[in-house]
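Step one of this worksheet: look at the structure below.
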Amino acid sequence: LILAKHYSEKSLEVDSFDSISAYNFSLASILLSVERYEGVLNIPGYSPIPTILFWARKAQEGESLPIKGGATKLISIIEAKVKGHCAYCTKEAEGSSFKRCVRCL
């Protein structure tokens, strides 16, 4: 996974944009983050989620339909998982629009 992320990142540094490289980079990043941080992706101060979402949205802009579908699924899964949790303690925040649970308010 580390090499996959490295080579995908290297291919993104080239002038020509490739949606497959962007999608592979976002997938490798999320899998490495889940493995490295034991499933916790909402890390205060350092979260891989913005980078993953950025490259997944870039992959959506490409013309390859399977990549567009995979990127759309990845974005919806990440946003659904993150949306319902407190940004401070990562516990489930029920119905709060401020991204905080009742304890952290």
Side-chain angles (χ1 to χ4, degrees):
L1 285 174
I2 293 170
L3 285 175
K5 181 183 175 202
H6 172 73
Y7 287 118
S8 295
E9 190 172 20
K10 286 288 184 190
S11 67
L12 291 171
E13 292 174 358
V14 182
D15 291 336
S16 62
F17 174 72
D18 184 19
S19 63
I20 295 171
S21 295
Y23 180 65
N24 286 339
F25 181 75
S26 61
L27 275 180
S29 295
I30 193 166
L31 292 174
L32 274 173
S33 300
V34 166
E35 181 181 312
R36 184 174 293 157
Y37 303 116
E38 299 171 356
V40 178
L41 296 179
N42 291 338
I43 304 165
Y46 174 77
S47 177
I49 292 174
T51 305
I52 294 167
L53 288 176
F54 174 79
W55 287 111
R57 287 190 177 111
K58 284 288 195 182
Q60 265 185 326
E61 295 172 5
E63 280 124 32
S64 176
L65 289 178
I67 298 297
K68 274 186 175 182
T72 304
K73 264 187 195 174
L74 181 65
I75 291 169
S76 64
I77 289 169
I78 292 173
E79 286 180 345
K81 184 172 180 157
V82 173
K83 187 184 283 185
H85 290 81
C86 176
Y88 294 99
C89 66
T90 66
K91 296 200 189 250
E92 188 137 353
E94 298 172 8
S96 176
S97 61
F98 298 116
K99 297 286 185 192
R100 294 185 193 172
C101 64
V102 177
R103 287 185 11 194
C104 295
L105 283 175

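For clarity, every value in this text was computed on a predicted model and none was experimentally measured.
- Summarising the geometry, atom OG belonging to Ser26 is positioned 5.0 Å from atom CG belonging to Leu74; distances are rounded to the nearest 0.5 Å.
- Atoms CD1 and CD1, on Ile49 and Ile30 in that order, are 7.5 Å from each other to the nearest 0.5 Å.
- Residues Ile77 and Val34 do not share a hydrophobic cluster, defined by chaining ILVMFWY side chains whose heavy atoms lie under 4.5 Å apart.
- Note that OG of Ser19 is 9.5 Å distant from CG of Asn24, once rounded to the nearest 0.5 Å.
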For residues 53-68, please give each side-chain donor-acceptor pair under 3.5 Å, one per line with the distance, not counting sequence neighbours.
| residue | atom | partner | partner atom | Å |
| --- | --- | --- | --- | --- |
| Arg57 | NH2 | Glu79 | OE2 | 2.5 |
| Gln60 | NE2 | Thr72 | OG1 | 2.8 |

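- Nearest heavy-atom pair, Ser33 versus Ser29, reported as atom, atom and distance to 0.1 Å: OG-O, 2.7 Å.
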